[in-house]
Asks: 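Here you go, one structure.
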Amino acid sequence: MDKIIVSFFGVVSILFTYWFFFMKRIDTVRAEGTVNILVDGGYKPDRISIPYGQTTKLVFKRKDSSACLEEVVLADFKVRKYLVLNEKTEIEINPTKKGEFDFSCGMGMFHGKLIVK
Amino acid sequence: MNKQTFAIKGMHCASCVYINEKALKAIPGVTEAVINLTNGKATLSSEAPIEGNKIIDAVKSVGYQAMIENNGTLDEKIKVEKAKELKDLRVKVTVSLFLGSLIVWGSFPGIMEVAPTLFKNYYFQFVLAAIVQFWAGYDLYKAAISSLRHRIANMDTLVVIGTTVAFLYSIFVTFFPKFFMNLKIEAMPYFDVSTVIIGLILLGRYLEAKAKAGTGEAIKKLIGLQAKTARVIRNNKEIDISIDEVVTGDLIRVRPGEKIPVDGVIIEGESAIDESMVTGESMPSSKYKGDTVIGATMNKSGSFVYKATKVGKDTLLAQIIKLVEEAQGSKAPIQRLADIISSYFVPIVIMLAISTFVGWYVFGSNPVFINAMLRSIAVLIIACPCAMGLATPTAIMVGTGIGAQHGILIKDAESLETAHKVNTIIFDKTGTLTNGKPEVTDVLLKSNIKDQISKIQIKNQEGLIQLAASIEKLSEHPLGEAIVKKAEKEKLQLIKVNRFKSLTGKGVEGVVNEKKVYVGRLLKSDSFADGENLKKQGKTVVYVYIEDKLSGLIAIADTIKESAKEAILTLNKMGIETAMITGDNAQTANAIAKQVGIRQENVFAEVMPEDKEKKVRELQSREQRFLFRTVAMVGDGINDAPALAAADVGIAMGSGTDVAIEAAGITLVNKNLMSVVSAIQLSKKTMKTIKLNLFWAFAYNVVLIPVAMIGWISPILASGAMAFSSISVVTNSLLLKKAKI
């Protein structure tokens, strides 16, 4: 009997894990000019729509002391920057291509997206 | 007492000092302000540090500019933060491993028998484990919880789940042993598992952080190359000023053993300059009046004055730093797969751990609960997503860094990756394979010359050069310039020329020592067999006539670079096909190709500059062993820009400060063609490191996660393996520094 219960909870937990991590709803934040991004266990907002051909200032503020998030990488814009803890770090980008561009932490564990329209 | 020192821009007299000192003293909290006019530095004394913008505003209010270094403080901040992080980790690692070992001593069969009774006490173990769990593991919890809020799972999530399960189970066993005994489970806690895992994971983090600091060293070294001050001559006075205050047009004096502050052109004096730190060229280069000097290079022997032409962010060093920083921020295509996998990795591991628990609980042997728990913890702990994330970026950082130290500038990770696949390299001829400046290569006298000379003494080749150079000095032809240069090199005195005349399409003539001398094409009726031979070698031949009699010839050609032959040979040995492209005629092109060792069928002569790009594309579409070729084009970066862009990898060769860095995927800051070989080697070695790292990171997880699921590995061993895995990846990248390129 206990084996059936464990199996049942096991399956439910796996489904829950799948739903929790892979089926989250992502909101896109539309930004113009400046956008503040909080770095704390991830990026907030992590899906940002920015205008094409205009300079947008991304202001990162890291509140998470984990070494994983200490750097932010915007590979398509060739930026790798160290984010000083509890301070604002500004990165200016001027997208010359439309599309979706990933940004991530130094080790590629945490991700965010810039959508250039 | 707090002291702050900074530069003030724009001061040039004692009254400026007075005004500024007064303004600074007026800032609340400042007890003393002293300004030194000679170095332009102000020193503030205050009870507490004064904010930068207050100082800037105070100085601005009297019309000057305070140079509070923002960059310096950012670097400082990072340094302080890193040092604190390392110290913190060190303390936590020591404490948790010490407490962990006490618990292990009190609970591990074989050694627990000789342990003090206190260590065997579960309540005592609980206290020690709780310290490790919540004090040493505090950051792990914080990071895991804040990412869970974003519905993201990472390394910390796995460690936190794994250790918390072991810790909570142990608490239950300690406080409610009867419950477990009733279930016929031995009431034994696993405090050793939770503490040792946290200790080892933190140890891994500590070593990883230390090693990772080494990957970004190159950039720090480059920044450190910058000179701090410059000795400029203003109003006939030599003053030492901060490098930020140097403007273009400033005259700067550099003495032996001093660093050259910014880029410029020598206007007085000469010296040998060690440029190795910027160009990678190991031999010091001799510089004379009119030559360019590069900022941050070292003046060896002479003293000279030069005019600053590029300052601040325009200097070559500043551009190199920017380029390396950008390259380190870019991503290699090979990383994409690792990125995709690591974004799904952790949740999948959690699901696997749950399956492991269920599997062992349902099908495993007794005690099923404990076996199932320990095995699923091992799965959570052994999984190492960090190694996958670190595999490529650390190698790219080290690779681009050592490139810069050798004068090889890589624009982005993609170029570095593509370069290792290159199997065909096209070289531009003029200025790339050759020195790009015509030089006198042969001087021949006609055998019957002695009969003709009376007043003009042509005893030997030098005499002929002297005569020709005297006349050519008055022409503006590049070939003439080569002859004049030769005369200067041989230190020959030029003779006065009368009645100079330029004969369009033929040559030049004049009267020297009352004799008519003509230098130019062969005149109709004459023939000179040696001249024809020289022409076949791709050289340009000019003939010298004295009193209308053919007296000798001078052959002029663009000479090949010393490094050309060795470079082509090495590339061919590496299995890379070499080709040459030029706008010159086929005869000259073939002659040069033969000298450097490029095969005749790979010579593309008489190609107009606008067609070079087409040739590159044509070669790309030619198959080689059923695969399309990966073509690199080596050119000067200015005239060849479209061809460089069309190639899979564009390699621009420049010299000194004129280098067009933006034009190509790889820029070589020196003229040495062996740098092309080095660039390819660097790419191959970096890619080898990346591939080994990725293989290790993937194989580790693919092999060890199932091993942990089967139950062949204990949770403690799993945490050791996991810590070792990410360190080994970073260490492997650092080994790249030792690679010979």
Side-chain angles (χ1 to χ4, degrees), chain A residues 2-26 38-44 46 63-87 89 91 102 104-112, chain B residues 74 77-78 81-82 85 139-140 142-156 205 208-209 212 216 325-332 335 338-339 342-348 350-351 354-355 357-359 361-363 368-369 372 385-386 388-390 392-393 397 411-413:
Chain A
D2 59 332
K3 288 187 181 176
I4 295 169
I5 296 171
V6 166
S7 305
F8 174 75
F9 277 107
V11 172
V12 170
S13 318
I14 289 173
L15 290 176
F16 174 78
T17 309
Y18 185 88
W19 169 82
F20 187 77
F21 292 114
F22 295 145
M23 292 177 71
K24 59 182 171 188
R25 201 168 63 94
I26 302 163
L38 181 69
V39 184
D40 188 11
Y43 300 102
K44 197 176 176 182
D46 58 0
K63 286 197 137 180
D64 193 320
S65 59
S66 113
C68 199
L69 283 158
E70 69 186 17
E71 277 183 323
V72 65
V73 180
L74 287 88
D76 298 288
F77 302 96
K78 292 194 191 168
V79 176
R80 173 185 286 272
K81 251 207 164 135
Y82 188 93
L83 307 175
V84 178
L85 194 61
N86 294 320
E87 272 193 28
T89 306
I91 296 172
D102 200 46
S104 66
C105 70
M107 296 183 208
M109 293 296 302
F110 296 96
H111 294 266
Chain B
L74 179 70
K77 274 181 196 161
I78 295 173
E81 204 174 295
K82 280 273 128 195
E85 186 192 323
D139 285 336
L140 299 175
K142 219 175 92 184
I145 292 167
S146 47
S147 12
L148 282 178
R149 262 195 239 127
H150 288 85
R151 294 168 74 165
I152 299 171
N154 66 341
M155 240 342 274
D156 301 304
R205 293 248 163 120
E208 186 188 302
K212 245 177 82 188
E325 271 175 351
E326 284 182 355
Q328 296 188 336
S330 66
K331 243 175 212 177
Q335 200 183 337
D339 270 357
S342 53
S343 59
Y344 292 102
F345 186 79
V346 177
I348 289 175
I350 296 175
M351 292 188 245
I354 299 169
S355 323
F357 184 88
V358 173
Y361 194 89
V362 174
F363 305 108
V368 282
F369 183 79
C386 283
M388 275 188 280
L390 290 169
T392 319
M397 284 184 77
K411 198 176 175 188
D412 48 31

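Chain letters run A, B, ... following the sequence lines, proteins first, then strands; residues in each count from 1. A quick note: this is a predicted structure, and the numbers were derived from the prediction, not measured.
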Asks: Counting only heavy atoms closer than 4.5 Å, note whether B:Asp139 contacts chain A via side chain, backbone, both or neither.
Replies: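 It is the side chain, since no backbone atom gets that close.
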
Asks: For B:Ser355 versus A:Ile14, what's the shortest heavy-atom pair and its separation?
Replies: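 In this case the closest contact between B:Ser355 and A:Ile14 is OG-CD1, 3.5 Å.
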
Asks: If you count heavy-atom pairs under 4.5 Å between each of B:Gly216, B:Ala153, B:Ala413 and chain A, which one has the most?
Replies: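 Among the listed options, the one with the most contacts to chain A is B:Ala153.
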
Asks: With a 4.5 angstrom heavy-atom cut-off, could you sort out which part of A:Leu74 is near chain B: side chain, backbone, both or neither?
Replies: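 The backbone, not the side chain.
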
Asks: Indicate the atoms forming the closest heavy-atom contact of A:Gly108 with B:Ser342, along with that distance.
Replies: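 Closest heavy-atom pair between A:Gly108 and B:Ser342: O-OG, 3.5 Å.
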
Asks: Of the non-hydrogen atoms in A:Tyr82 and B:Lys82, which two are nearest, and what is the gap between them?
Replies: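 In terms of heavy atoms, the two residues are closest at OH-CE, 3.5 Å.
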
Asks: Please report the interatomic distance CG(A:Leu69) to OG(B:Ser146), rounded to the nearest 0.5 Å.
Replies: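 It is 8.0 Å, given to the nearest 0.5 Å.
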
Asks: Need one label for A:Phe110: side chain, backbone, both or neither, based on atoms under 4.5 Å from any heavy atom in chain B.
Replies: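 For A:Phe110, the side chain is the part near chain B, not the backbone.
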
Asks: Given that the side chain runs from C-beta out, which part of B:Tyr344 has a heavy atom under 4.5 Å from chain A: side chain, backbone, both or neither?
Replies: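 For B:Tyr344, the contact with chain A is made by backbone and side chain together.
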
Asks: Between B:Val346 and chain A, with a heavy-atom cut-off of 4.5 Å, which part of the residue counts as in contact: side chain, backbone, both or neither?
Replies: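 Just its side chain gets close to chain A.
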
Asks: Using heavy-atom distances under 4.5 Å, tell me whether A:Ser7 contacts chain B through its side chain, its backbone, both, or neither.
Replies: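 Both parts, backbone and side chain.
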
Asks: What residue, out of B:Met351, B:Met155, B:Lys212, has the most heavy-atom pairs lying under 4.5 Å from chain A?
Replies: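 If we count pairs closer than 4.5 Å to chain A, B:Met351 comes out on top.
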
Asks: Using a cut-off of under 4.5 Å on heavy-atom pairs, state which of A:Glu70, A:Glu71, A:His111 scores highest against chain B.
Replies: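 When all of A:Glu70, A:Glu71, A:His111 are compared, A:Glu70 has the most.
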
Asks: Shortest non-hydrogen contact from B:Gly329 to A:Arg80?
Replies: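 Taking B:Gly329 first and A:Arg80 second, the nearest heavy atoms are CA-CB, 3.4 Å.
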
Asks: Among A:Phe77, A:Phe16, A:Trp19, which residue has the highest count of heavy-atom pairs closer than 4.5 Å to chain B?
Replies: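 Of A:Phe77, A:Phe16, A:Trp19, A:Trp19 has the most heavy-atom pairs under 4.5 Å with chain B.
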
Asks: Any idea which heavy atoms bring B:Ile354 and A:Ser13 closest together, and the distance?
Replies: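 Minimum heavy-atom contact is CD1-CB, 3.6 Å.
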
Asks: Checking A:Val84 against chain B: side chain, backbone, both or neither under 4.5 Å from a heavy atom?
Replies: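 For A:Val84, heavy atoms of backbone and side chain both lie under 4.5 Å from chain B.
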
Asks: Rounded to the nearest 0.5 Å, what's the gap from CE on A:Met109 to CG on B:Asp339? Could you check?
Replies: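 Here the rounded value is 10.5 Å.
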
Asks: With a 6.0 Å cut-off (strictly less than), is the heavy-atom count around NZ of A:Lys24, excluding the residue itself, greater than 12?
Replies: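 Buried by this count: over 12 neighbours within 6.0 Å.
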
Asks: For A:Ile4, is it the side chain, the backbone, both or neither that has a heavy atom under 4.5 Å from a heavy atom of chain B?
Replies: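 Contact with chain B is absent: no heavy atom of A:Ile4 under 4.5 Å.
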
Asks: So what's closer than 4.5 Å to chain A heavy atoms on B:Leu148: side chain, backbone, both or neither?
Replies: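 Its backbone and side chain both get close to chain A.
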
Asks: Assess whether atom NZ of A:Lys44 is packed by more than 12 heavy atoms of other residues, nucleotides or ligands within 6.0 Å.
Replies: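 Not more than 12 within 6.0 Å, no.
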
Asks: List the residues meeting side-chain hydrogen bond (donor to acceptor under 3.5 Å, both in side chains) with A:Asn86, not counting sequence neighbours, and say none if there are none.
Replies: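 Counting only residues at least two positions away or on another chain, A:Asn86 forms no side-chain hydrogen bond (donor to acceptor under 3.5 Å, both in side chains).
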
Asks: Identify which part of A:Ser104 has an atom lying under 4.5 Å from any heavy atom of chain B, answering side chain, backbone, both or neither.
Replies: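 The side chain, not the backbone.
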
Asks: Between chain B and each of A:Lys63, A:Lys81, A:Met107, count heavy-atom pairs under 4.5 Å; write down the option with the most.
Replies: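 It is A:Met107.
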
Asks: Please look at A:Asp2 and chain B and tell me whether the side chain, the backbone, both or neither of the residue comes under 4.5 angstrom of a heavy atom of that chain.
Replies: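 Contact with chain B: backbone and side chain both.
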
Asks: May I ask you to name which of A:Val73, A:Leu83, A:Val79 has the most heavy-atom pairs under 4.5 Å with chain B?
Replies: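 Between A:Val73, A:Leu83, A:Val79, the count favours A:Val79.
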
Asks: Look up atom NE2 in B:His150 and atom CG in A:Leu38, then write down how far apart they are to the nearest 0.5 Å.
Replies: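 One finds 6.5 Å between NE2 of B:His150 and CG of A:Leu38.
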
Asks: Using heavy-atom distances under 4.5 Å, tell me whether B:Gln335 contacts chain A through its side chain, its backbone, both, or neither.
Replies: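 For B:Gln335, neither part sits under 4.5 Å from chain A.
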
Asks: Do you know which two heavy atoms are closest between B:Glu81 and A:Leu85, and how far apart they sit?
Replies: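 Closest approach of B:Glu81 to A:Leu85, heavy atoms only: OE1-N, 3.0 Å.
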
Asks: By a 4.5 Å heavy-atom criterion (distance strictly below it), what part of B:Thr392 contacts chain A: side chain, backbone, both, or neither?
Replies: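 Neither; nothing under 4.5 Å.
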
Asks: Once you round to the nearest 0.5 Å, how far does OG of B:Ser343 lie from CZ of A:Phe21?
Replies: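 Answer for the OG-CZ pair, B:Ser343 versus A:Phe21, is 13.0 Å.
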
Asks: Using non-hydrogen atoms only, which part of A:Asp40 is less than 4.5 Å away from chain B: side chain, backbone, both, or neither?
Replies: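 Contact with chain B is through both the backbone and side chain of A:Asp40.
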
Asks: Examine whether an atom of A:Phe22 lies under 4.5 Å from a heavy atom of chain B, and if so say whether it belongs to the side chain, the backbone or both; otherwise answer neither.
Replies: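 The answer is the side chain of A:Phe22.
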
